[in-house]
Amino acid sequence: MKKIEAIIKPFKLEEVKDALAEIGVTGMTVSEVKGFGRQKGHTEIYRGSEYTVDFLPKIKIELVVPDKTTDQAVAAITKASKTGKIGDGKIFVLPVDSAVRIRTDETGEEAL
Amino acid sequence: MKKIEAIIKPFKLEEVKDALAEIGVTGMTVSEVKGFGRQKGHTEIYRGSEYTVDFLPKIKIELVVPDKTTDQAVAAITKASKTGKIGDGKIFVLPVDSAVRIRTDETGEEAL
Amino acid sequence: MKKIEAIIKPFKLEEVKDALAEIGVTGMTVSEVKGFGRQKGHTEIYRGSEYTVDFLPKIKIELVVPDKTTDQAVAAITKASKTGKIGDGKIFVLPVDSAVRIRTDETGEEAL
Amino acid sequence: MKRLIRYALIGAFALAPFALQVASAADPAAEAASAVTAVIEAAAPAEAPAFTDLEGFAGSPGYATFTANNIWMMLSAGLVFIMHLGFASVESGLTRSKNTVNILFKNTLIPCIGLLTYAICGFNLMYPGGDFAGKWFGFAGFGVSVGADPASQVANLTSAYNAGYTYWTDFLFQGMFAATAATIVSGAVAERVKLGTFLIFSTIFVAVCYPITGMWKWGGGWLQALDTPFYDFAGSTLVHSVGGWGALAGVIVLGPRLGKFVGGRVKPIPGHSMPLAVIGVFLLWLGWFGFNGGSVLSADPALTSLTLMTTCLAAAAGGVGAAVTSWILLKKPDLSMALNGILAGLVGITAGADQMSAMSASLIGLIAGVIVVVSVIFFDKIKIDDPVGAISVHLVCGIWGTLAVGIFGNLAGTAQIISQLKGIVSIGVFTFAFALVLFLVLNAVMGLRVSPEEETEGLDLGEHGMEAYPDFTTVSPH
Amino acid sequence: MKRLIRYALIGAFALAPFALQVASAADPAAEAASAVTAVIEAAAPAEAPAFTDLEGFAGSPGYATFTANNIWMMLSAGLVFIMHLGFASVESGLTRSKNTVNILFKNTLIPCIGLLTYAICGFNLMYPGGDFAGKWFGFAGFGVSVGADPASQVANLTSAYNAGYTYWTDFLFQGMFAATAATIVSGAVAERVKLGTFLIFSTIFVAVCYPITGMWKWGGGWLQALDTPFYDFAGSTLVHSVGGWGALAGVIVLGPRLGKFVGGRVKPIPGHSMPLAVIGVFLLWLGWFGFNGGSVLSADPALTSLTLMTTCLAAAAGGVGAAVTSWILLKKPDLSMALNGILAGLVGITAGADQMSAMSASLIGLIAGVIVVVSVIFFDKIKIDDPVGAISVHLVCGIWGTLAVGIFGNLAGTAQIISQLKGIVSIGVFTFAFALVLFLVLNAVMGLRVSPEEETEGLDLGEHGMEAYPDFTTVSPH
Amino acid sequence: MKRLIRYALIGAFALAPFALQVASAADPAAEAASAVTAVIEAAAPAEAPAFTDLEGFAGSPGYATFTANNIWMMLSAGLVFIMHLGFASVESGLTRSKNTVNILFKNTLIPCIGLLTYAICGFNLMYPGGDFAGKWFGFAGFGVSVGADPASQVANLTSAYNAGYTYWTDFLFQGMFAATAATIVSGAVAERVKLGTFLIFSTIFVAVCYPITGMWKWGGGWLQALDTPFYDFAGSTLVHSVGGWGALAGVIVLGPRLGKFVGGRVKPIPGHSMPLAVIGVFLLWLGWFGFNGGSVLSADPALTSLTLMTTCLAAAAGGVGAAVTSWILLKKPDLSMALNGILAGLVGITAGADQMSAMSASLIGLIAGVIVVVSVIFFDKIKIDDPVGAISVHLVCGIWGTLAVGIFGNLAGTAQIISQLKGIVSIGVFTFAFALVLFLVLNAVMGLRVSPEEETEGLDLGEHGMEAYPDFTTVSPH
Ligand SMILES: Nc1ncnc2c1ncn2[C@@H]1O[C@H](COP(=O)(O)OP(=O)(O)O)[C@@H](O)[C@H]1O
Ligand SMILES: Nc1ncnc2c1ncn2[C@@H]1O[C@H](COP(=O)(O)OP(=O)(O)O)[C@@H](O)[C@H]1O
Ligand SMILES: Nc1ncnc2c1ncn2[C@@H]1O[C@H](COP(=O)(O)OP(=O)(O)O)[C@@H](O)[C@H]1O
């Protein structure tokens, strides 16, 4: 099993979710994060003073998939979330030792 | 060392925390996430139009534990967070290379 | 490649970001989390009853770095985020299998 | 099926005005004139030339004073109206964000329902007219109207009706008042009561229960006819305690919110927005300018200005009293207690606002501020779960304020204390019994409390399928 | 360059009062007195002793009544003023947090711009004076002033000007009114309209378009001169429909928000704060005490109290009507619909608030409450994207309320219905055409809609570089 | 021990009314009647039949006018009261969510404390009566009372006291005013000042400092007795600058918030809720209807309507002025600046609101709007950290408005400018010195600033152990 962590632009979430659903991914966990990277933040002004907001809103998607689905899932996310403009984000793949479905005590790929 | 990531139902947090404390876990990090899975979202209505909220609020607990405690911790979480109803969540275990306690520069299992 | 996860005190974020930028880290992802650890929560009172808030606000920084930069990055974070007082937080290092830059389809260390 | 009944019931109130019969031209409310009429009457001297139409009245010497009086009373109606926004804000501010839509919905509909039912029957139950003087019950027929012919319009729209206001102003002012009693209940039963059931309760409560006891005193009923008449200037008992008794009955039938009392310990459930709570309390204080100031029933300069002064000093002293008490008892100054203290001071002064000196008013308010803190803690101790402190503020301080009329000010004395106790007890027993039976019946028929799942998830999703703050990340349910 | 023009234009309005010419002492607004003047005139009897200076007037018998009337009208101006906060709250509550600063900015500046332009030209366009009676257009010159000499001050600051108020009170009350029409537009075009362009639209709309059609009726123009005069007591058509037509034109030119209609389906975009929406609606209701109550143009006790009663019953019935309708149609009671229902009831009663019985008022409100729910769903169906329901509330229910004058109450009758239709259609055609052309021209010259990137990211960052809630974690843009 | 003293002090104010001595029946405030009394007096003609009791007065010809006047003044008191909610909203909106409970607590308690201290001594320090005419200081004894016998009640509760209001109305209106000065300070010292210390400062400031300088002008003191009397209609200097000087002293002693000036650069600390700030500013504008309108001290139609017109045009022009200035200087239109601009216009017109034409009022407001933007930027440059812009709005524009009386309008002239400068400087020196010494003493005795840890974590947790928004996920402290 692998854990895929994708940092994407927020308005791409729906498309990515649909793309993953299409290839049979049935579960994922999403959170709001702030990203710092090549895409520069924007300048805001408040009461006469400028300041830079370095951290931009991003969405992090985490999903654990069977080894064999990994590449397909990464490809699906890449395709669905690409705009070609700076700040599109990253996908990281991490090894997973084990998984449990709390409701049933199933473990391993059964649990996903 | 292993990293345990548990996605649970929000109102189970207190119980899980207590269960982990009981087996001697002294630290953990918690965040609010949205989950997509077999448990279907609910339908909301706003001004005459329905829409489905696919993502349900969940809590993610992250904790790094010594290898030998891993199974015990996973078991404790499973037990405390189970309701038996769909959407109870998942536990994933990931390998960890190293850990540092910032305050003391301690590393390895000392740092946990 | 390694993934570094650092849990730090919120007001240290700026300094850690600058320290990482100095050693050439160009990307990272940040989120708000709640920490439970040796540092005890505070007691709040509401309408005559006390209650303990166990979970304290922390910031989680996630960054994926090339193997060779890992130690340097961990050291930079440790230095910048240390106050010496309880609750300074932890740094965990996890193995990463692969990385993709969504915009360009670059993979591996190129993608960071 | 149940749902259908619910619609039918709610719909009925909106449609009922069709069925209104023209109320008799006889003035049902004029008899309610309080002890303060001497001065007012002087302002519209008996020897005023009779007038036969509105134009004639407009040319008469008393017209200017009457116009001024009526302005004051219309504005008082507007000020009491804004108290409903105050209640909506306080109650939603002091509860959790997952129940906010639900609370706002209740507090939005209650004044709507309250006004409509008051038009249908409440007004004529509460002010049935002189025929029912000294009685326990009276009714002047359904509907509100000034009549079509000039004579009845003169009777109802000039100082012939009342020195202080027209029939319509009277209705509006009293109607805005009425709904406040039901709103008080809503805060106490918040975060667990079923919406439909609660709306039916409120409708019956405001349409029937509140006007009946209101009639006992303000409608010229038996409490007014006591040798030493029961005194309740603007409703410490008639409005606030009535709401408070309803709240108490509701909380007893409902039980506490999940997670409030765990393992014998009180677990506070903090409200989700202190700014909302503050907005609410200030609006309530402002509204009290009309609640008490309008209860003079004219713009009489001496009495209205006295009343506003006592009202504001009592509020201020209540705020300081509660802040200091909470600071001492709880080590830290609790904002929600200071806010409750202001309301406590206001409720406390309400029964005797026109009878007190600056000194007495401050003292009544100060004591109310202390009482409310102790009371909130006490009700938590005995496991009565009242999310916003409505019972402490409105019931307990309503009783305190009613008693205070016998202790301080112009009316102080043993006979008065006894009359005050008669009023407190009789109205308390009637209202509490009425509310309790009604809650129990509704509980049996259609259920009063939402399911534990819905309560955990929040009533906003369960009852409305909406979120109050869909853009914001909220923390997990406590 | 474009930017420069924008500054120049906006700046001009603030500076223009320098260029004001003294308005003729002749009373431009007095002629606008409505059908209700009989009673008012009686209050200031014709045989009142002439006075030559303000002191003389202060000693005259009519002074007290005039003072009371003027108090009522000044307070009405204040109540209409607070409607602007109501609009700001409703509109920001029913839209997303990423556009909140933008909406608040618009709603803050519109009353400012509205008042200033009304001083410069609006007032004198709307009330050009008796010379233009029965006409389609008139203008009494730039600026507002009572003149420097005692005679013109007596003419303008006493009952010689109007039985109900001074020249300044008149200006202020009407000026507060004027800006509401522009504010109505702002809600409908929210979340995608360019700030600068919209402010220019609003300025021209409130300075020119609104006063012209206002003059047709209230300024003594041709609609007032019909055999059966068009009747619009407080502006169901003259204010609300006018705003609604502007809103409709704007929405048509702009198109829907990104993500609202996807693949032929309606995707709701929930507002970000229900408490804000509730605060707004209650403040609007309160403001309507002045909007309708002040439209009596004096404190006449019979008429003002009648008006407030009909206003409040219609609001209450509108709220109940919309709540029940949404409960039945949509299975769950929708708070935002109940809120729209209250506003619908208020808009609906506005045209005939002084002509209805309690029963008719309740019915008009109830029907408005039903209409507004159906209308909101209908506009979504035809892909007119109106984030806050402004078109349904103000245009549709404005039309309904105007028609209702011919159906219910004292004026009901076929001739009246025909006159009402004349008013509705003529004002509708003029306003819609004016607004459409203006929006199209502005669109061509400086662009009306922000870029899709800006719309996605939010107008707060794009137009202002600010966030409304920088401390809070907000969920990702929908 | 310290804590004990704190309780004792705060408690004392609530209890002190017990120790009130009956104020002399001599009218302490009537002498404060401003230059505008000619007209008012005419309204209550000298030949009015003498009356010996309240009933007699109610039958007298002047009763209607007096009643109307008193209504206006009571409502003005209510409007000034709601300014406290305005301040609470603006101040909490423009600061961070971690300090919101603290700010709300201060702004809730200040009007409470202010009213009580004004009853105890403030009123009688500010209006000590004719014996102290032309003096620098006077005191009419502790407590407020109208006396028990009919004669003193007639003296205090009829037009014998003042043509515009009763003694109680006078006290209430002035008491509501008083607390605003202390509230102004609270915004500037927000987010770092210790609660207990600040409350003690406020209490002394409002009980002693504000009434003393107030007496110099409104109490008939030396500034009123100048050959060309200092003119400050409603308190650009007496209220707003006084608050502003206190704020400046506080900020100097406290120093800037952590993180505001880092490495020589200004780091903005955005406020947490723009809707709250907007609600606050609109409520303040509304409140100014009473603040300025009530300062006419009667409902005189000419003067009150003139005053409201100038007030609203100045506010509107201030909003436009600041919006345009910020748009030009900062490239983007800054909502918080537009809001400050409205307040700046209001503060600016306050000193001469009854002396200006529409044109002058607009210009005064417009200039105030420009000034406030420049001033905010300037104070940031010189490292005076004022989170809400209180010093720029109230002190700087208070000075501007006071000077403007000598430049524009009926009183313009060199002699007037000199008198205005005398007032500005004398009151400024006294107030600044008083506040500075008081802050320094309190700093030495009990500490003025919270610890850096508490400041970082937020004063809500540190001072109150509460959170303002416990349900919401907030971003990390800046
Ligand atoms: N090394 C990294 N580790 C973790 N997250 C990263 C890293 N680099 C970038 N990110 C995340 O990806 C987002 C996009 O990266 P950025 O460099 O701005 O653009 P791009 O993806 O086009 O290269 C960042 O906002 C950040 O959240
Ligand atoms: N493959 C996955 N990877 C990451 N998170 C998952 C995955 N599957 C499920 N989850 C998380 O677990 C939660 C519960 O899963 P769900 O399928 O709804 O029910 P159950 O746990 O009973 O099987 C989801 O809401 C989601 O947050
Ligand atoms: N075993 C753990 N796994 C994950 N997070 C941890 C663990 N232990 C501590 N943390 C995180 O680190 C934070 C600080 O830890 P704590 O024990 O309070 O102080 P210290 O870092 O000084 O030892 C905690 O609030 C929690 O977020």
Side-chain angles (χ1 to χ4, degrees), chain A residues 3-18 20 25 27-64 77 81 83 85-92 94 102-103, chain F residues 90 93-96 187 256 259-272 274 277 322 325-341 370 372-393 472-476 478:
Chain A
K3 184 180 182 209
I4 301 176
E5 296 190 3
I7 319 286
I8 62 167
K9 289 192 169 158
F11 63 90
K12 282 293 189 178
L13 174 59
E14 205 79 345
E15 282 170 65
V16 171
K17 188 197 74 187
D18 294 345
L20 285 170
V25 171
M28 70 190 81
T29 301
V30 163
S31 49
E32 285 119 27
V33 296
K34 303 268 177 183
F36 176 84
R38 280 177 186 76
Q39 183 192 10
K40 283 301 152 241
H42 47 257
T43 304
E44 298 190 14
I45 309 174
Y46 182 75
R47 300 179 73 65
S49 309
E50 285 193 359
Y51 63 111
T52 318
V53 175
D54 287 324
F55 294 98
L56 295 167
K58 301 279 172 192
I59 287 282
K60 179 165 85 171
I61 304 178
E62 297 170 273
L63 65 163
V64 175
I77 298 174
S81 62
T83 68
K85 297 217 192 93
I86 200 159
D88 272 357
K90 318 271 167 180
I91 303 172
F92 305 119
L94 288 81
I102 293 171
R103 171 165 51 98
Chain F
V90 174
L94 293 181
T95 50
R96 287 164 292 178
K260 171 77 190 198
F261 303 111
V262 180
R265 285 187 50 235
V266 180
K267 291 190 104 184
I269 302 179
H272 86 282
M274 287 304 125
T325 307
S326 78
W327 210 328
I328 293 171
L329 289 187
L330 313 173
K331 307 290 173 307
K332 301 218 171 178
D334 184 322
L335 174 60
S336 78
M337 287 295 198
L339 296 174
N340 272 179
V370 176
V372 81
V373 175
V374 176
S375 173
V376 164
I377 296 174
F378 168 77
F379 281 113
D380 265 357
K381 281 260 159 62
I382 64 166
K383 304 219 182 331
I384 292 291
D385 180 22
D386 173 3
V388 306
I391 300 172
S392 299
V393 166
F472 294 94
T473 307
T474 50
V475 302
S476 32
H478 308 263

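Throughout, protein chains are lettered first and strands after them, A, B, ... in sequence-line order, and every chain is numbered starting at 1.
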Among Leu335(F), Leu329(F), Asn340(F), Thr473(F), single out the residue with the greatest number of heavy-atom pairs under 4.5 Å to chain A.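 Highest number of heavy-atom pairs under 4.5 Å: Asn340(F).
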Select, from Asp380(F), Val373(F), Ile377(F), Leu94(F), the one with the greatest count of heavy-atom pairs under 4.5 Å involving chain A.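 Between Asp380(F), Val373(F), Ile377(F), Leu94(F), the count favours Leu94(F).
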[X] versus chain A, heavy atoms under 4.5 Å apart: side chain, backbone, both or neither?
| X | value |
| --- | --- |
| Pro333(F) | neither |
| Val374(F) | neither |
| Ser326(F) | neither |

With a 4.5 Å heavy-atom cut-off (strictly below), which parts of residues 36-50 of chain A touch chain F? List them by number.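 Listed by number, the contacting residues are Ile45(A), Tyr46(A), Arg47(A), Gly48(A), Ser49(A), Glu50(A).
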